[in-house]
Amino acid sequence: MESGTQAFQQRSLSVKLWPPSHGTRLMLVERMTKNLTTPSIFSRKYGLLSNEEAEEDAKKIEELAFAAADQHYKKEPDGDGSSAVQVYAKESSRLMLEAIKRGPTVKDEEIADKTSIHETVFDISGGRRAFIDAEEAEEILKPLREPGNSYTKICFSNRSFGLDAANVAAPLLSSVKQQLTEVDLSDFIAGRPESEALEVMNLFSSVLEGCQLRYLNLSNNALGEKGVRAFGALLKSQNNLEELYLINDGISEEAAQAVSELIPSTKKLKVLQFHNNMTGDEGAIAISDIVKRSPALEDFRCSSTRVGTDGGVALAEALKTCTRLKKLDLRDNMFGVGAGVALSKALSLFAGLTEVYLSYLNLEDDGAEALANALKESAPSLEVLDMAGNDITAKGAASVAACIASKQFLSKLNLAENELKDEGAILIGKSLGEGHDQLNEVDMSTNAIRRAGARLLAQVVVKIPGFKLLNINGNFISDEGIDEIKELFKSSPDMLGSLEDNDPEGEDYEDEDEDEDEENAEGGNELEFKLKDLKIEQG
């Protein structure tokens, strides 16, 4: 008993918090990117970074913070790394504050270029993402005052309008509304109090009421039902819309019902996008009413909207009227097998389908088989097939492989995070043989694939002219298998994705080292806990 206790103590003492795992470092970059793009008292003063610039800064910050912390750790190699973690977090916070105070990088000519790309397009989205006041609005909207201008598209995205700036914009919009065909008001009230935001939306809506638009983008405004109804006057006057975007708008059941109720006609609608909302089943049923009335629909996106089986079935039924569909994106919902089977009946009607995104829908084998069988008999020009994260095993892989074999124009295949193992991987690999000259990307990561399956996949894709990337990371490929695969790609190493998360031991040693895994998990969790509430420190 005593020796067991000593062993436990020795093992406990061996747990180290440094260095962090690759996943933890990526997590920190994601959190810093979110911090740098979230409106705050700092962004009001210095401006808000774009997502692209924030991500680039976050990566640089993490690298510098890691280097500083690692140097610190090397001076205390016998410690558990906790002080290095503190340096890592503190240095990250300090550098984030510097990035915020530096503000977004804006080229001198950027705004001018954006506002004069073409005489028919007026776009102010190219500057810094920040509040716009009345004085700046007067200056930046000057071109709209010019008599005889021919602007048909306006884009106010990326600038946050308060009531004072909106009152400046209103008469200018009124003066050009009869010539407008495209309006982009995405992300134009960020950081405003709800009452002010609703007033601004009501004002813009009433001013633009009656203009005959083909394109309307109201994304990234946290609309909810109140916001949708604030745009009621504008929406009710639209009979010729061809594109409607309501992405990341808090579209709940009630908000979806409001959209369905307010738009009088969607007969000409070709693009309808509802990504990243909290729609749920009841909301999906309301959206399906819009879809039913949109026979010209070519691009439908209802991804990450919390839709379950009932909502998925309703959408599937509605999509049967959209026989011109070319792109379908339903990723990241909770459809289940039932909705997958229902959707397969609609897919068989889409002869012109070129892109289909069905990942993370809980399809399992039965749902995946039904969809693959339907696609096999339709969509001869399919270019993108995404069925990642659906618990597909080798059983379901047979139908998926038969579908893939018939798609000679396929350019991208994503079957990551399933349970294909070697048997399924070999079936898929063989289906990608002759006749797939357009293929340039295959993702089979995290599928418990071992040496045989990985080798066959590599042997097939490496021969395809113009092929760009094979991702087989996160599998169980032996060291010998890795060597074989790298040898196959020695003339074009960029075609092989990272293998950093490959586990050559596979599942065989999990039970054997269960206690050690738990220890490491505890260490990793503690490190993530220390970093999860990372804030921008005011020095």
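Sequence positions, counted from 1, serve as the residue numbers for this chain.
Atom CZ of residue F274 and atom CG of residue D329 lie 13.5 Å apart, to the nearest 0.5 angstrom. Atoms NZ and CZ, from K326 and F350 in turn, are 14.0 Å apart once rounded to the nearest 0.5 Å. How far NZ of K292 is from CD1 of I290: 12.0 Å, rounded to the nearest 0.5 Å. One finds the CD atom of E254 at 9.5 Å from the CD atom of E282 (value rounded to the nearest 0.5 Å). For the atom pair CG (L244) and CG (L246), the distance works out to 4.5 Å, reported to the nearest 0.5 Å. Interatomic distance, L375 CG to L353 CG, rounded to the nearest 0.5 Å: 6.5 Å.
No donor-acceptor pair under 3.5 Å is formed between the side chain of N333 and the backbone N or O of L361. Of the possible polar contacts, none joining the N440 side chain to the K468 backbone as a donor-acceptor pair under 3.5 Å is found. With hydrogens and angles disregarded, no donor-acceptor distance shorter than 3.5 Å links the side chain of S492 to the backbone of M495. Judged by distance alone, the side chain of N217 and the main-chain N or O of S219 form a donor-acceptor pair under 3.5 Å. A donor-acceptor pair is defined here as one N or O able to donate and one able to accept, closer than 3.5 Å; no such pair exists between the side chain of E62 and the backbone of L26. Listed for the N221 side chain is no donor-acceptor partner under 3.5 Å among the backbone atoms of D249. Side-chain N or O atoms of N390 include one that pairs as donor or acceptor with a backbone N or O of A388 at under 3.5 Å. Using a distance-only test at 3.5 Å, with no hydrogens or angles considered, a donor-acceptor pair links the side chain of N447 to the main chain of S445. Looking only at distances, no side-chain donor or acceptor of D501 sits under 3.5 Å from a matching main-chain atom of N473. Without hydrogens or angle criteria, S344 side chain to A374 main chain gives no donor-acceptor distance under 3.5 Å.
A cation-pi arrangement, defined by a distance under 6.0 Å to the six-membered ring centre and an angle within 45 degrees of its axis, is present between R25 and F66. K153 forms no cation-pi arrangement with F122, by the criterion of a distance under 6.0 Å to the ring centre and an angle within 45° of the ring axis. The side-chain tip of R331 points at the ring of Y357 from less than 6.0 angstrom away and within 45° of straight on.
Heavy-atom minimum distance, C403 versus A372: CB-O, 3.5 Å. For the pair R451 and I477, the tightest heavy-atom approach, listed with the atom from each and the gap, is CA-CG2, 4.2 Å. Residues L415 and M387 share a closest heavy-atom pair of CD2-CB, 3.8 Å. Contact record, K486 with L496: CG-CD2, 4.2 Å, taken as the closest heavy-atom pair. Taking every heavy atom of both residues into account, I287 and C302 meet most closely at CD1-SG, 4.2 Å. Residue L234 comes nearest to S205 through the heavy atom pair N-OG, 3.0 Å, listed as atom of the first residue, atom of the second, then distance.
Across L358, L385, D386, a single residue satisfies side-chain contact (heavy atoms from CB on, under 4.5 Å) together with N414, and that is D386.
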Taking it one step at a time, do V121 and Y151 satisfy side chain to side chain contact (heavy atoms under 4.5 Å, CB included)? CA-CA 5 Å; V121 179; Y151 294 120; 5.7 Å; no
Should K430 and V460 be marked as a side chain to side chain contact (heavy atoms under 4.5 Å, CB included) after you check the CA-CA gap, both sets of side-chain angles, and the distance that decides it? CA-CA 8 Å; K430 289 180 177 178; V460 170; over 6 Å; no
Let me see the working for E182 and R214 under side chain to side chain contact (heavy atoms under 4.5 Å, CB included), right down to the final yes or no. CA-CA 6 Å; E182 299 185 29; R214 62 160 298 277; 3.1 Å; yes
Would you sort out whether L213 and L180 count as a side chain to side chain contact (heavy atoms under 4.5 Å, CB included), showing the intermediate values? CA-CA 7 Å; L213 302 178; L180 292 178; 4.2 Å; yes
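For the pair R301/V271, no side-chain contact is recorded, criterion being any heavy-atom separation below 4.5 Å from C-beta on. Side-chain contact between V183 and F156 is absent, with no heavy atoms from C-beta onward closer than 4.5 Å. Counting only heavy atoms from C-beta outward, the side chains of T305 and N276 never approach each other to under 4.5 Å. In this structure the side chain of N362 never reaches within 4.5 angstrom of the side chain of T309, judged on heavy atoms. In this structure the side chain of V307 reaches within 4.5 angstrom of the side chain of F335, judged on heavy atoms. In this structure the side chain of M201 reaches within 4.5 angstrom of the side chain of I189, judged on heavy atoms. Between S260 and Q257, the closest side-chain pair of non-hydrogen atoms is not below 4.5 Å. Taking the side chain as every heavy atom from C-beta outward, F188 and N220 never approach each other to under 4.5 Å.
Ion pairing between K270 and E243 fails under the 4.0 Å rule for side-chain N and carboxylate O. Ion pairing of R129 with D187 is present here, as a side-chain N (NZ or NE/NH1/NH2) and a carboxylate O approach within less than 4.0 Å. Electrostatic pairing of E298 and K327 does not count as a salt bridge here, judged by no charged N lying under 4.0 Å from a carboxylate O. Note on E484 versus R455: salt bridge recorded, some NZ/NE/NH1/NH2 to OD/OE distance being below 4.0 Å. Using a 4.0 Å cut-off between charged side-chain N and carboxylate O, R229 and E225 make a salt bridge. Using a cut-off of 4.0 Å between Lys/Arg side-chain N and Asp/Glu carboxylate O, E63 and K59 are scored as not salt-bridged.
In the displayed structure, Y215 atom OH is contacted under 6.0 Å by more than 12 heavy atoms of other residues, nucleotides or ligands. Counting non-hydrogen atoms of neighbouring residues, nucleotides and ligands closer than 6.0 angstrom, the NZ atom of K320 exceeds 12 such neighbours.
Here the two rings, on F204 and F231, have centers that are 6.0 Å apart or farther.
For residues 400-412, no residue pair satisfies the side-chain hydrogen bond (donor to acceptor under 3.5 Å, both in side chains) rule, not counting sequence neighbours.
The closest side-chain donor-acceptor pair between S157 and S186 falls under 3.5 angstrom. Inspection of the S125 and N158 side chains reveals no N or O donor paired with an N or O acceptor under 3.5 Å. T279 and N277 share no side-chain donor-acceptor pair at under 3.5 Å. Counted by atom type alone, N475 and N502 present zero donor-acceptor pairs between their side chains at under 3.5 Å.
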Show me the donor-acceptor pairs, under 3.5 Å and distance only, between side chains in residues 393-402 and residues at least two apart or in other chains.
from	atom 1	to	atom 2	distance (Å)
T393	OG1	D365	OD1	3.3
T393	OG1	D365	OD2	2.5
T393	OG1	K395	N	3.2
K395	NZ	E369	OE1	3.3
K395	NZ	E369	OE2	3.1

